[in-house]
Number of protein chains: 2
Amino acid sequence: MIGSARSIHDEAAVRLHGTGQRYTEQRRRLIEILSRAGSPMSIPEILRCRRGLPQSSVYRNLADLETAGVVRRIVTDEEFGRYELNEDLTGHHHHLFCAVCGRTSDVRLGPHLEEQLDAALDTIAREAGFADVRHRLDLIGTCADCARRFEPTDATG
Amino acid sequence: MIGSARSIHDEAAVRLHGTGQRYTEQRRRLIEILSRAGSPMSIPEILRCRRGLPQSSVYRNLADLETAGVVRRIVTDEEFGRYELNEDLTGHHHHLFCAVCGRTSDVRLGPHLEEQLDAALDTIAREAGFADVRHRLDLIGTCADCARRFEPTDATG
DNA sequence: CTTCCTGCAAAAGTTTTGCATTAAC
DNA sequence: GTTAATGCAAAACTTTTGCAGGAAG
């Protein structure tokens, strides 16, 4: 997690300039949306919450922001991708997502378990001859709302 | 992991019949391909290795096999999905995939770490009000071949 | 004033579906 | 004989790209 002396917007601008790109109004809006959401957002969601953003520009800008290391694209079981701020801006975390409605939220493991996991995965990666290995740990389940909707506790339907 | 008294094909047939579906020649072939591969296969790969399988039937059959609980669709960072035999047929495992070429292989954690992880994730899921939670732990890196190809150890390039 | 960004429309990619025919039970 | 599976083609879906006009540095 980056020091907070710089705002997220300043940091985004610096990283974009580093790859010869500009921090335009639309890119600022995207960062603002992702920053406020606090959990990964799909492009359909972004387009729905902000009418007036053309989808091709949103796809292109998110791809550029990913190249600059400001955002990250993640995959779930859904048919479309989701974007979130890069982990070095928000801290290492994992995802809990609902298999029914797609709701996604961030969760964090205790540092002790995370270290053990890292050590075990590093060993596995080394044995397989893999380099630059990172991990992705997600929880997939049914959120409370969807559980209520589809599996009521009494039988009155 | 299911007892081995039944072959994978018998088990597949039983599960398909349970959902009112038939175990046809093409479905048997798909199971055979996935079983021999030993790691998740994409549909393009399946179509390439077995000419004569129409893609719409492959998509449909894999979806039916997933409904019957025989195979599982997984997502990687690639643009298409991959299929593998269901975990209760092959045992719980994780995936190591190459971000460059897409090569995917199975890896297993030690039982001790897996138990700790399960316990921690169960707690997290309960606190978030999620039910029926399973986890997905993947390693993403650069395989040895791709590392050689793109980051040679000497500078003769 | 040069380079990059924007926005529209069209294309590319994977995945799904309609429908007539064929195969399984 | 009834129901489900097949295979072709066409559609739906997310995502990418070409290009002319506009904005940023």
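Just so it is clear: chains get the letters A, B, ... in the order the sequence lines come, proteins before strands, and each one is counted from 1.
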Between A:Tyr83 and A:Leu65, is the side chain to side chain contact (heavy atoms under 4.5 Å, CB included) condition met? List the steps. CA-CA 10 Å; A:Tyr83 283 89; A:Leu65 287 166; over 6 Å; no
Regarding A:Ser57, tell me which of base, sugar-phosphate or nothing describes its non-hydrogen contacts under 4.0 Å with the strands shown.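 The residue A:Ser57 makes base contact.
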Check every strand shown and say whether A:Tyr59 touches a base, only sugar-phosphate, or nothing at a heavy-atom separation below 4.0 Å.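 If one applies the 4.0 Å heavy-atom cut-off, A:Tyr59 turns out to touch a base.
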Distance check: side-chain N/O of [X] vs OP1/OP2 of [N], anything under 4.0 Å?
X	N	answer
A:Gln26	C:dG7	yes
B:Gln55	C:dT15	no
A:Asn61	C:dT6	yes

If you find the nucleotide of DNA chain D closest to A:Glu79 and the one closest to B:Leu16, which residue's nucleotide is nearer the 5' end?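 Nearest-nucleotide comparison on DNA chain D picks B:Leu16.
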Quick one: on DNA chain D, does B:Gly20 or B:Leu53 contact a more 5' nucleotide (nearest heavy atom)?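 With B:Gly20 and B:Leu53 compared, the 5'-side residue is B:Gly20.
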In chain order, what residues pass the ring-ring contact (aromatic ring centres under 6.0 Å, His included) check against A:His17, with sequence neighbours excluded?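 Counting only residues at least two positions away or on another chain, A:His17 forms no ring-ring contact (aromatic ring centres under 6.0 Å, His included).
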Starting at the 5' end of DNA chain C, which residue's closest nucleotide do you reach first, A:Asp64 or B:Tyr83?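 Checking each residue's closest nucleotide, the 5'-ward one belongs to A:Asp64.
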For B:Gly81 and for B:Arg22, locate the closest nucleotide of DNA chain C by heavy-atom distance; then report the residue assigned to the nucleotide nearer the 5' terminus.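 Its nucleotide being nearer the 5' end, the pick is B:Gly81.
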Atom-to-atom span, [atom1] of [X] to [atom2] of [N] - whole angstrom:
X	N	atom1	atom2	result
A:Phe80	C:dT15	CZ	P	15 Å
A:Glu78	C:dT15	CD	P	15 Å
B:Arg73	C:dT16	CZ	C1'	12 Å
A:Leu65	C:dC4	CG	P	16 Å
B:Arg48	C:dT14	CZ	C1'	13 Å
B:Glu25	C:dC25	CD	P	11 Å
A:Leu47	C:dG7	CG	P	12 Å

Taking [X] first and then [Y], would you say they form a salt bridge - that is, a charged N and a carboxylate O separated by under 4.0 Å?
X	Y	answer
A:Asp138	B:Arg134	no
B:Glu32	B:Arg28	no
A:Arg72	A:Glu87	yes
B:Asp77	A:Arg73	no
B:Glu45	B:Arg82	yes

Using a 4.0 Å cut-off to any heavy atom of chain A, which nucleotides of DNA chain D are the first and last in contact, reading 5' to 3'?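 Using the under 4.0 Å cut-off, the span is D:dT14 to D:dA24.
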According to a 4.5 Å side-chain heavy-atom criterion applied to Ile, Leu, Val, Met, Phe, Trp and Tyr, with indirect links allowed, do B:Leu139 and A:Leu109 form part of one hydrophobic cluster?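 Yes, because B:Leu139 and A:Leu109 connect within a single hydrophobic cluster, where side-chain heavy atoms sit under 4.5 Å apart.
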Could you tell me the separation between the CZ atom of B:Arg60 and the OG atom of B:Ser57, rounded to the nearest 0.5 Å?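 One gets 6.0 Å once the value is rounded to the nearest 0.5 Å.
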Tabulate atom names and distances for all N/O pairs under 3.5 angstrom spanning the protein and nucleotides 18-22 of chain C.
unit_1: C:dG18; atom_1: O6; unit_2: B:Arg60; atom_2: NH2; d: 2.9

Rounded to 10°, tell me the angle between the two end axes of the helix from C:dC1-D:dG25 to C:dA12-D:dT14, each built from five pairs.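 The angle, to the nearest 10 degrees, is 40°.
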For A:Thr142 and A:Ala147, indicate whether the former's side chain and the latter's backbone hold a donor-acceptor pair under 3.5 Å.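 Here the side-chain-to-backbone pair does not exist.
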Of all pairs that satisfy ring-ring contact (aromatic ring centres under 6.0 Å, His included), the ones with a partner from residues 95-114 of chain A, not counting sequence neighbours: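 Found A:His93-A:His95.
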If a pair satisfies ring-ring contact (aromatic ring centres under 6.0 Å, His included) and one of its residues is in residues 120-146 of chain B, list it, with sequence neighbours excluded.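 Passing the test, one end in residues 120-146 of chain B: B:His92-B:His135, B:His94-B:His135.
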